[in-house]
Amino acid sequence: GEDVEQSLFLSVREGDSSVINCTYTDSSSTYLYWYKQEPGAGLQLLTYIFSNMDMKQDQRLTVLLNKKDKHLSLRIADTQTGDSAIYFCAEKFQGGKLIFGQGTELSVKP
Amino acid sequence: DGGITQSPKYLFRKEGQNVTLSCEQNLNHDAMYWYRQDPGQGLRLIYYSQIVNDFQKGDIAEGYSVSREKKESFPLTVTSAQKNPTAFYLCASSRGPDQPQHFGDGTRLSIL
């Protein structure tokens, strides 16, 4: 079946890099997404990667996809206190269905 | 500014009542979605609509109903049959089913 797993918490110091990891079980997805959720708000689309790509870079964000290990990661360079939020990975399948992980709460300490 | 507007931001329901959550988008998107978010969990799909006057059940549709009479609007009714309605409800839309989904700011529903 379709399942997406994330670790629940990550704490880093301001200026360090953050790496948020995600594993999934069903490799028939078409795209994989990263969303950011600030307290009491909706989800903001950060970036996404097509399932036949290995890497995508977008300013401070780097997405790595290892299809063999079914592992997706989001690296945030030079993490700032404004990056503190919950980060969700999601798999998209044909027809539009999105399966979300539980979310990783990123805490950035000054 | 184009976007997705959910209202109200907070909603309270008495036992046995139906309540309706509003979702409006001015992005000219064909597809719209309703998700439920519970603490410490990912989002779960309630209903979705790929075109006006058509919608399909998601993974947790029991106790909910929707309509899609206009392209811009996709209201969700939480009926009294939904026994555990307290949650954060998120509406999303996309140009098509294979395009990225964009989200509103959510409605928090609580039981009195």
Side-chain angles (χ1 to χ4, degrees), chain A residues 1-10 20-26 28-53 56 58 61 63 72 85-106, chain B residues 2-11 21 23-25 27 29-51 54-61 87-110:
Chain A
E2 307 143 340
D3 194 22
V4 179
E5 297 281 336
Q6 298 178 241
S7 53
L8 295 182
F9 300 100
L10 176 66
I20 302 171
N21 294 302
C22 177
T23 58
Y24 56 94
T25 55
D26 189 333
S28 65
S29 53
T30 54
Y31 288 90
L32 294 111
Y33 293 85
W34 283 104
Y35 284 90
K36 175 184 180 182
Q37 185 179 36
E38 297 187 12
L43 273 65
Q44 173 195 350
L45 179 65
L46 283 179
T47 187
Y48 59 97
I49 188 168
F50 189 45
S51 57
N52 70 354
M53 293 172 64
K56 180 178 179 181
D58 186 358
L61 305 178
V63 179
L72 178 75
I86 300 176
Y87 291 80
F88 290 93
C89 64
E91 272 194 286
K92 172 164 275 192
F93 296 89
Q94 285 282 358
K97 183 174 182 179
L98 267 183
I99 302 294
F100 286 85
Q102 313 95 305
T104 298
E105 183 174 346
L106 174 65
Chain B
I4 302 167
T5 302
Q6 290 188 242
S7 61
K9 193 166 175 65
Y10 300 96
L11 188 57
L21 284 62
C23 178
E24 304 275 330
Q25 54 97 1
L27 300 167
H29 285 174
D30 284 317
M32 297 187 74
Y33 311 82
W34 273 106
Y35 292 91
R36 171 183 171 133
Q37 185 179 22
D38 293 284
Q41 296 189 33
L43 280 66
R44 292 181 290 167
L45 182 64
I46 304 172
Y47 268 98
Y48 65 103
S49 168
Q50 295 185 359
I51 198 166
D54 188 42
F55 49 82
Q56 284 80 41
K57 292 181 179 179
D59 298 321
I60 55 164
F88 191 48
Y89 290 87
L90 287 157
C91 177
S93 71
S94 63
R95 272 190 293 156
D98 293 321
Q99 302 298 316
Q101 293 179 22
H102 299 270
F103 285 79
D105 283 338
T107 293
R108 188 165 299 280
L109 175 63
S110 302

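Order of the sequence lines fixes the chain letters, A, B, ..., with proteins taken first and strands second; residue numbering starts at 1 for each chain. It should be emphasised that the depicted structure is a prediction, and the values quoted were computed from it without experimental measurement.
- Note that CD1 of Ile20(A) and CZ of Phe9(A) are 13.0 Å apart. Values are rounded to the nearest 0.5 Å.
- A distance of 13.0 Å separates OH of Tyr33(A) from SG of Cys89(A), quoted to the nearest 0.5 Å.
- Only the backbone of Phe93(A) comes within contact range of chain B, with heavy atoms under 4.5 Å apart.
- Ranked by heavy-atom pairs under 4.5 Å with chain B, the first of Leu45(A), Thr30(A), Val4(A), Leu98(A) is Leu98(A).
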Inset, instruction - Verify side chain to side chain contact (heavy atoms under 4.5 Å, CB included) between Leu21(B) and Gln6(B), making sure each step is shown before the conclusion. - result: CA-CA 7 Å; Leu21(B) 284 62; Gln6(B) 290 188 242; 5.5 Å; no
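- Proximity to chain B involves both the backbone and the side chain of Leu43(A), based on heavy atoms less than 4.5 angstrom apart.
- Atom CD1 of Ile51(B) is surrounded by 12 or fewer heavy atoms from other residues, nucleotides or ligands within 6.0 Å.
- In terms of heavy-atom pairs under 4.5 angstrom with chain B, the leader among Gln37(A), Lys97(A), Gln6(A), Glu105(A) is Gln37(A).
- Contacts of Gln44(A) with chain B are absent, with no heavy-atom separation under 4.5 Å from either backbone or side chain.
- Taking both residues in full, the closest heavy atoms of Ser7(A) and Thr104(A) are given as O-OG1, 2.5 Å, listed atom of the first, atom of the second, then distance.
- Ranking Lys9(B), Arg44(B), Gln99(B) against chain A, the residue ahead of the rest is Gln99(B), based on heavy-atom pairs under 4.5 Å.
- Because its NZ or CZ atom is not both nearer than 6.0 Å to the ring centre of Tyr10(B) and within 45° of the ring axis, Arg108(B) does not count as a cation-pi partner of that residue.
- Interface residue Leu90(B): only side-chain heavy atoms are found under 4.5 Å from chain A.
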